[in-house]
Amino acid sequence: MVGGPKNATTPPLNTHKLLHRATFNRLYMAVYTVALLSLLYHHIHTLLNSPSTTSFIFTLLLLLSDLVLAFSWLCTQAFHFRPIRRHEFIENLETMIVKQAKEFPAVDIFICTADPYKEPPIGTVNTALSVMAYDYLPEKISVYVSDDGGSQATLFAFMEAAKFARYWLPFCRENNVVERCPEAYFNGSFYGSSSPDALKMKTMYESMKGRVENAVESGKIEEEHIDDNEEMQEAFAKWTDNFTRQVHPTIIQVLLANTKDRDVSGKLMPNLIYVSREKSKMHPHHFKAGALNALVRVSATMTNAPIVLTLDCDTYSNDPQTIKRALCYFFDPEIRSTTAYVQFPQIFRGLNKGDIYFCEHKRLFQINPLGMDGLLGPNYVGTGCFFQRRAFFGCPSSFIQPELPELSPNYVVKKPIGSVEILELAHRVAACSYENHNAWGIKLGFRYGSLVEDYYTGYRMQCEGWRSIFCSPKRSAFLGDSPVTLIDLLSQCKRWTNGLLDVLFSRYSTITFGFQKMGLLMSFAYTYYAIWPILCIALTIYAFIPQLALLKGISTFPQISDPRFLLYVFLFIGANGKDLLDFHLENGTFERWWNSQRMWMICGLSSFLFGCIDYTLSSLGISVRGFDLTSKVQDDELSKRYDQGTFEFGVASPMFVPMTMAAIINVASFVMGSIGLFRSGIRNMEGLILQILLSGFVVINCWPVYEAMVFRSDNGRMSTKITLIAAFLTSIMCLLAY
Ligand SMILES: O=c1ccn([C@@H]2O[C@H](COP(=O)(O)OP(=O)(O)O[C@H]3O[C@H](CO)[C@@H](O)[C@H](O)[C@H]3O)[C@@H](O)[C@H]2O)c(=O)[nH]1
Ligand SMILES: [Mn+2]
C-alpha cells in the first residue's frame, strides 16, 4: 500500500506492507486456541473429580490462573493478527511537495521535567538542544519546557542553553552533525576532537554544564550570572521565601524569540520558552497530563503550531530528519484528517548487554505497535510522539470549540510572543484554577483520571475515531533513559499498574467501552495492557501452589504417561517459542528474551501485586497515590554493577518479599522433589514430574535472588531483613498448607 497525494504525477510520501509472519501467526492462533480450550476442559473435568478438598482447592486455583493467562494470551493475538511495517519517503516530501523550507508547518515541541534532582536540568537541556537543532527552518520550531519542579536551577539551565544554542545550532548545520544532542555527540564516535571548532564547542559545553550543575547543587543562582540581565533578575525574583514546589505562581520566560534572536551565523533561532505552571494545594494538578495541557494552552497563545511533539526530559532526538519523517504522514491527504498522532518507538540507551531488568520493554514499544498499526494504530507512549493540534479538540468529525477563541487550533497568533498581551494571556491559561468549569482533561487535551496519561489519552482519542501511525525508522528517532536499578524499574511498573487499573475499572473500560467504540481486536490490544496487573493472580499461584502441593505430595498436573502431559508441554513450549520467535524477528537476542520472561515473573510478584494493593487501598480512600518519578541520575557504584549485569537488591523494599518467598519455596520443593525422584524412581513420581520441572524452571530464573541472598557481599545484596521476613512468611505458609 502506498500513501500520499493520489495523483499520477505526485510521488508517494509513505508506504506500508503486511508482514509475512501474519499468515503463520493466524495459523498458530488457531492451533493454540484448540490446545487452550482442551486445557480448560481438562481442568473442569479434574475439578469435578477431585479426590479431596485440598486437591479441589489446588485445581480451582490453577483453573483461575490459567483463565487469567488464557485471556491475556487471547488479548495479545490482536498484536499478531495484522502487523505492518511502514516506510517514509522524506526525499519526496522535500523535493515534490514542500518545495521551500518556509512552507513547512510550524512545530511546537513540549518537554516535561518535574524534579531537578531526579531529572538533572543538564539532561533536559540536552534534550531541548537536540530538538532545537532539527534539520528544519529554526524559526518554525518552538520549544516549550514545562518545569513541574518549579526550580530556579532549571530556569537558569535554560538561560545557559539559550546562549549555548547560538553556537551549537550553526555548528551542527555547518558540520552536518547527526548527533545533535551535545552530550551524546561529545561522548560518541562522531566527535572529531581533532577539529579545533569541535574542541571549542566541547570546552564551551563543559563550562556550561559546570555552571548548571553548580546551580543545582547550591540550589541558588549566583548574582554574577544574571546581574547584567534585568529581565532575568525579575524572573528569579519570583522565587520568594514562600515559594515551594507545590505552591507557587506561574513563571513563563521567553528565553529565545524567533523574531529577534539570531545565532552566531546570523540565522534566526527557534523560540525557547520556560513554563512553570501555577501550583496550589487547593487545585489538583494532574501530574504530567496537567503539565501537558498547560503547555497546549500556553503554546496556543504564543505560537499555536498545527503540529505538536511531546517529549520527556529524558528522550533526546537522535535524528535531525525526524520532523520531516512525521510530516510524511501529516501531509498525506488520505490519512491527514483522521490521524491524531504519529508515535515513534521508545528506544533506550545505556542498557547493559543482556538488559537484565528488561527495561527495553521490546514488546510494548517495538513489537506490539506493529500489530496495532495494522488495525487502528498504536497506543500513545508519552514521548516521541507528534500530534496534530486539532486532535486535542474533539473527534475528527466534530470539533469542540475551546472556551477562549485564542486557544482554538485554527487561531492565528498575530502578536510577537514576548508582547505584554500575549504574556498576560499565557499566564492566565497556565493558572491552576483555569481548568475549573471547563472541558480540559475531560474532553479537551490530555485526559485526566489515570497515572498512565499517555495510554489513557491515546485510548480515548482512538475511541473518538482518531487513528494513529507507528513510525519506526532504522536509525532511532529518539533515545531515552531507562531505570537502571531493579527497584526503580519495579516502581515504574507499579505506577503503570496503578494507572492501568484506573482505566480498566472506569466507565471507559477497555473491555466494554473500548469494544463498543473500536471493535474486538483494538479492544483486546488495549485490554492486554489494562489487565497486566491482574496477571499477578496467575503468577503468584504458579509460583506457590504447585510447589506447596509438591511438598505435600499432591499431584496438580497430569502424569507423564497421560496424553495431557503433552498438552502442557505444548502449551509451555508453544507460547515461549512463539514469543522468542517474535523477539528474534525484531532483532532481539536470546539473552534479552530470557531476561524478559524472568522480569515478567518478577513483576508479577512485585509491581503488579503491589500495584493492585495500592490501587485497592487508594480506591478505599486509605492512601493517596502519586507519580513517583523515575530517577535519571546515575550513581557510579550502581552503574558499575549494572554494567556488569548484577542485580540490585540494595534497598530493603517490601516489593522484594514475595519474590524471595517464591525463590525459597521453589528451591525447597525442587530439592525435595528431586530427592523423592531419586529415591523412588520416575515410575512412582510420575504425577509430580511437571511440578518438579516447574520448580526447576523457577529456580533457574531465581538465580540472581539466591546470589543476592547468600553469595554476595556488595551493597547490592539482599538485605538480611528481607531474607528473614521472607523465610519467616514462607514457613508460615508451609505450616498452613500442612
Ligand atoms: O507531575 C509530573 C510527573 C511527571 N512529569 C514528567 O513525566 C515524564 C515521565 O516521567 P518518568 O518518571 O520518566 O516516567 P516513565 O515511567 O519513565 O515514563 C513513562 O510512563 C509515563 C506514564 O506513567 C509517561 O508519561 C512517559 O511518557 C513514559 O515514558 C517526565 O518527563 C516527567 O518530568 C511531569 O511533567 N509532571
Ligand atoms: Mn522516563
Side-chain angles (χ1 to χ4, degrees), residues 109-121 123-128 144-151 154 245-246 274-277 279 283-296 298 309-316 341 343-351 357 359-361 364-365 378-385 387 430 432 441 446-459 478-485 487-503 529 532-533 603 607 611 625-633:
I109 302 178
F110 300 170
I111 302 177
C112 290
T113 184
D115 182 330
Y117 301 103
K118 285 187 168 175
E119 304 181 326
T124 315
V125 159
N126 266 284
T127 299
Y144 292 86
V145 182
S146 153
D147 180 15
D148 263 353
S151 150
T154 306
R245 261 175 82 153
Q246 293 86 14
Y274 169 91
V275 181
S276 187
R277 60 188 168 131
K279 291 266 182 71
H283 299 90
H285 59 78
H286 303 289
F287 309 105
K288 185 182 169 196
L292 285 170
N293 280 339
L295 284 192
V296 171
V298 169
L309 164 62
T310 60
L311 285 179
D312 289 347
C313 57
D314 58 358
T315 324
Y316 66 83
Y341 55 89
Q343 175 69 60
F344 286 79
Q346 284 206 38
I347 309 274
F348 302 98
R349 59 176 176 151
L351 298 178
Y357 303 134
C359 302
E360 185 184 24
H361 290 289
L364 166 62
F365 295 131
N379 53 318
Y380 165 47
V381 295
T383 180
C385 188
F387 282 88
C432 58
F446 294 83
R447 306 303 152 87
Y448 301 152
S450 166
L451 275 180
V452 281
E453 77 303 319
D454 44 355
Y455 167 89
Y456 186 51
T457 301
Y459 165 67
F478 301 98
L479 286 178
D481 282 335
S482 64
V484 290
T485 63
I487 191 66
D488 271 351
L489 182 107
L490 297 182
S491 312
Q492 180 190 45
C493 284
K494 190 173 93 174
R495 158 161 43 83
W496 291 351
T497 301
N498 254 316
L500 291 167
L501 287 173
D502 283 326
V503 183
Y529 295 117
W532 258 12
C603 281
S607 314
R625 287 177 296 157
F627 191 116
D628 300 322
L629 283 183
T630 309
S631 168
K632 282 103 186 162
V633 191

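Order of listing sets the numbers, starting from 1, for every ligand and every atom in it. No hydrogens, no waters, no symmetry mates; every other heavy atom, side chains included, goes into these values. Given the structure is predicted, the values throughout are model-derived calculations rather than measurements.
Contacts between D454 and ligand 1, counted as non-hydrogen atom pairs separated by less than 4.0 Å, involve the side chain only. With a 4.0 Å heavy-atom cut-off, ligand 1 is reached by the backbone of K288 and by its side chain too. At a heavy-atom distance under 4.0 Å, only side-chain atoms of W496, from C-beta outward, approach ligand 1. With a 4.0 Å heavy-atom cut-off, ligand 1 is reached by the backbone of L451 but not by any atom from C-beta on.
Proximity of G499 to ligand 1 is not established, as no heavy-atom distance is less than 4.0 Å. Distances shorter than 4.0 angstrom do not occur between any heavy atom of K118 and any atom of ligand 1. Heavy-atom distances between V381 and ligand 1 reach below 4.0 Å in at least one pair.
When F344, Y459, F365, F387 are each tested for a ring pair (Phe, Tyr, Trp, His ring centres under 6.0 Å) with Y380, only one passes: F387.
Summary of contacts: the protein heavy atom closest to atom 25 (O) of ligand 1 is E453 OE2, 2.5 Å. With respect to atom 11 (P) of ligand 1, the closest heavy atom belonging to the protein is K632 NZ, 3.3 Å. Counting only heavy atoms of the protein, atom 30 (C) of ligand 1 lies nearest to E119 OE2, 3.4 Å.
Residues T113 and T154 meet the side-chain proximity criterion, which asks for heavy atoms closer than 4.5 Å. When side chains are defined from C-beta on, D454 does not count as touching F446, because their heavy atoms never get closer than 4.5 Å. Side chains of C112 and L292 form a contact here, defined as non-hydrogen atoms less than 4.5 Å apart.
Salt bridge K494/D628: absent, no basic N to carboxylate O contact under 4.0 Å. With respect to the salt-bridge test (charged N to carboxylate O, under 4.0 angstrom), the residues K632 and D488 do not qualify.
Evaluated by nearest non-hydrogen atom to atom 18 (O) of ligand 1, the leading choice among T127, D312, T630, D314 is D312.
The shortest N or O to N or O distance between F627 and ligand 1 is not below 3.5 Å. For D148, a nitrogen or oxygen atom sits less than 3.5 Å from a nitrogen or oxygen atom of ligand 1, counting backbone and side chain alike. Below 3.5 Å of separation, one finds no N or O of L629 facing any N or O of ligand 1.
Shown in contact with Q492 at under 4.0 Å from a heavy atom are these atoms of ligand 1, numbered in order with element: 15 (P), 16 (O), 17 (O).
Shown here for S607 and T497, the closest heavy-atom pair between the two residues is O-OG1, 3.9 Å. The heavy-atom pair separating R245 from K279 by the smallest distance is O-CG, 3.7 Å. Residue T383 comes nearest to Q343 through the heavy atom pair O-NE2, 2.9 Å, listed as atom of the first residue, atom of the second, then distance.
Residue D314: an N/O/S atom is found under 2.8 Å from the Mn ion (ligand 2).
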